[in-house]
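Notes follow the structure.
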Amino acid sequence: MRARTLNIVTLREDPADAEIVSHKLLTRAGYLHKSGAGLYLYGHFLKRVVDKISRIVAEEIAGAGGVEVTMPIMQERSLWERSGRWAGFQATRTMLTVTDRGGQEFGLSPTAEEVVTDYASNQITSYKQLPVCYFQQHTKFRDEIRPRFGLMRVKEFIMMDAYSFHGSEQSLDDTYQAMRQAYTTAFRRCGLEAFAVEADTGAIGGSSSHEFMIAADVGEDAILFHPDSGYAANVERAECAIPAAPAWSAPAAGTALPTPGAKTIDEVVTYLQANGYPDLTSANTLKAVLLVAETVDGDRTVAAFVRGDREVNEIKLSNAVSQRVGEVLQLRAMDEAAVRAATGCAPGFAGPGLNADVVVFDAVLDAEALVVAGANQDDTHAAVSIAAHLADAVQADITLAVAGDVAPAGSGELVERRGIEAGHIFKLGTKYSAAMGAEFTGEDGKRHPLTMGCYGIGTSRLAAAAVEQHNDKNGIVWPMSIAPYQVVVVPTRADDENLMGVAQQLYTELKAQGIEVILDDRDAKPGVKFKDWDLIGIPVKVVAGRGVADGNLEIKTRQGEGGDVAISDAVTHVVGLVRDAMAALRG
RNA sequence: CGGGGUGUAGCUCAGCUUGGCUAGAGCGCUGCGUUCGGGACGCAGAGGUCGAAGGUUCGAAUCCUUUCACCCCGACCA
């Protein structure tokens, strides 16, 4: 491709609305044009990067048994009602909808379990056809509450989504592991350092899932690791062991403790330490978190109790509450009136015995130990044990794990890293097939629901993640496998027929060798061209300049390695650089 | 949706507090000339409904009201 035809426009300054390096560089280098909030036009270079990532991902998914198809983006409401998810996606307003002239509503695909399960129920009739895995690379829509970070979080994006169907849990396990391996290989081929972590299943559901994270400080997800045992989990999911609370000189059970004006744990502890209980710590208190759970059947009040020195993990809590009242669409804080209705007192003095539809105690709490908890009476706490309140309560792990906690699988502390969620794999079981009647006839001659798995990779997000991992002060440094072009040939002067002739011939020969090459035929100063190609991040640069008189070209990688090479050896040399880099990424 | 902020040239921004001449700068763009290996220089130019609507005023980018858009912090997720 000739640079003049590409109409290359680069910016010297960072765009005002960009926060993270990938957004800045992709915009400055002309890959990305903002069309609206969370809506981007992909320039020619970005289109090529995304296509390359798509191709690598497709090859690996196909290698794991995937069959590529294309599903509709507009999906009928009735299909989503069959799985029961229409209400949930509307309540959380995750799905964008459109209405046709007849008044029929459609969801714009945020994911495609319904469509593919409907397809599978039509296609699959016998166990002899199983397993099968359909996948696609298509645009997805999500009504993001807050799009941000350039390509990272947008309303419209490109995703690889795969769905597998099985006759047994064992078969699902096999495919799940094959997908996990395919993901690992695909990310490596894209030049990305990724790792798998245990994750919450969220709106997709199912029994278990892993997320694939790209390590990056700007990542929106916190991951807790235990290097020795290999434990790694999203903080939303992470379990932890909490050391027992230290003993304190508690009064008799049931003793009321006046705590005038002390509403927060800190205030209560500080007040009581100064008023007769010097060895009290926040670990000896009980924190009440009052929430309202929205379900398809209406709101339910929730009281969650964790140790006073810890925070509630709302994802874990939501899952625990779902066990009792059905799927929780959303948790929100109780307003003051609701708190008064539940406790009979002002906010800040809630404790066991209050009136809520669902009461959850963290599993780590010692039921017999005396703790300081709200007495459901203004300006009063009490020394209580939760044992008497467990009867109708849920006991579950609802504590937010933090770095420094003891890892669940033994000794040692959890450490925190941040990551960008690039992919997710789920074991769905029969959630969708049972709801939608997708069944097959087994070897036993009976009808069984299909067992399912699903798998997603944020293809366009990967492009941004790659820039986060591969850049320097001069711009992007693409891995060879996903660079928009592999090589650029830069004649230092457009008006020098000799230089242009040498550059032109090299360009033609490299193209003939199957190399993706750009000829920079722009009439610009050499410095301008060099800056542009560094910013854009083309892996190999060949300069036809002052060395040509001596029969040399300068060949350098984007990392700055290389030097003069005889013109006669240039094609072989460049082809070698490209092939070696590609081979290294294949591993 | 709650909290904070910003809308002025293609891009990055000044001007607004305290209303006043033809609304400015840098980058980018056009022409000419000199340059030509890491974002050159000189000269001459083009480019703006100051987000939108309404109001106050002799006079509004500036003050008031309404509204829209975008960005940041929180809840959603590939």
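We name chains A, B, ... by the order of the sequence lines, and we start the count at 1 in each one. Values below: all heavy atoms of this structure, side chains included; hydrogens, waters and symmetry mates excluded. Predicted model only: the values in this text are computed from it and were never measured.
Looking at K541(A), its side chain has no donor and acceptor atom pair within 3.5 Å of the base of G37(B).
The nearest whole Å value for the distance from the CD1 atom in I204(A) to the C1' atom in C76(B) is 12 Å. Rounded to an integer number of Å, the gap from I457(A) CD1 to A78(B) P is 12 Å. Between the P atom of C76(B) and the CE atom of M95(A) lies a distance of 18 Å, rounded to the nearest Å. Atom NZ in K525(A) sits roughly 7 Å away from atom P in G37(B) (whole-Å rounding). For the pair H33(A) NE2 and C70(B) P, the interatomic distance rounds to 13 Å; values are reported in whole Å. Computed from coordinates, the E144(A) CD to A78(B) P distance equals 9 Å when rounded to whole Å.
Cation-pi check for R142(A) over F157(A) is not met; the charged atom does not lie both under 6.0 angstrom from the ring centroid and within 45 degrees of its normal.
Here R153(A) lies in heavy-atom contact (under 4.0 Å) with a base. In this structure, P15(A) reaches the sugar-phosphate backbone alone: every heavy-atom distance under 4.0 Å involves primed, P, OP1 or OP2 atoms, never a base. Across all strands shown, A524(A) has no heavy atoms under 4.0 Å from either base or sugar-phosphate atoms. Residue-level contact check: V490(A) touches neither bases nor backbone, having no heavy atom under 4.0 Å from any strand. M160(A) comes within 4.0 angstrom of no nucleic acid atom, judged by non-hydrogen atoms across all strands. At the heavy-atom level, G456(A) lies nowhere under 4.0 Å from the strands shown. In this structure, S460(A) reaches neither bases nor backbone, as no heavy-atom distance under 4.0 Å exists between it and the strands shown.
Using Watson-Crick or G-U wobble geometry with both donor-acceptor distances under 3.5 Å, U12(B) finds its partner in A25(B).
Side-chain proximity of F426(A) to the nucleotides A78(B), A40(B), G38(B) is greatest for A78(B). Among the nucleotides G26(B), A78(B), C76(B), the one closest to the side chain of F157(A) is A78(B). Listed candidates were C77(B), G37(B), G39(B). Nearest to the side chain of V543(A) is G37(B). Nearest to the side-chain atoms of K531(A) among the listed nucleotides G38(B), A78(B), G26(B) stands G38(B).
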Q: Apply side chain to side chain contact (heavy atoms under 4.5 Å, CB included) to the pair I8(A) and W533(A), showing each step before the final yes or no.
A: CA-CA 10 Å; I8(A) 291 164; W533(A) 297 116; 3.4 Å; yes
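Heavy-atom neighbours of Q505(A) CD from other residues, nucleotides or ligands within 6.0 Å: at or below the threshold of 12.
Looking at which nucleotide of RNA chain B each of G202(A) and V528(A) is closest to, the 5′-most match is held by V528(A). For the pair D221(A) and D532(A), nearest-nucleotide mapping onto RNA chain B gives the more 5' position to D532(A).
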Distances under 3.5 Å between protein N/O atoms and the N/O atoms of nucleotides 71-75 of chain B, please, pair by pair.
{"residue": "C72(B)", "atom": "OP2", "partner": "R146(A)", "partner atom": "NH1", "Å": "3.4"}
{"residue": "C73(B)", "atom": "OP2", "partner": "R146(A)", "partner atom": "NH1", "Å": "2.9"}
{"residue": "C73(B)", "atom": "OP2", "partner": "R146(A)", "partner atom": "NH2", "Å": "2.5"}

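For Q137(A) and R55(A), the side-chain atoms include no donor-acceptor pair closer than 3.5 Å.
Looking at K541(A), R12(A), R522(A) one by one, the single match for salt bridge (charged side-chain N to carboxylate O under 4.0 Å, His left out) with D532(A) turns out to be R522(A).
Ring pair W80(A)/F89(A) is perpendicular by interplanar angle, where above 60° counts as perpendicular and below 30° as parallel.
Rounding to the nearest 0.5 angstrom, the gap separating the OH atom in Y507(A) from the CD1 atom in I518(A) is 8.5 Å.
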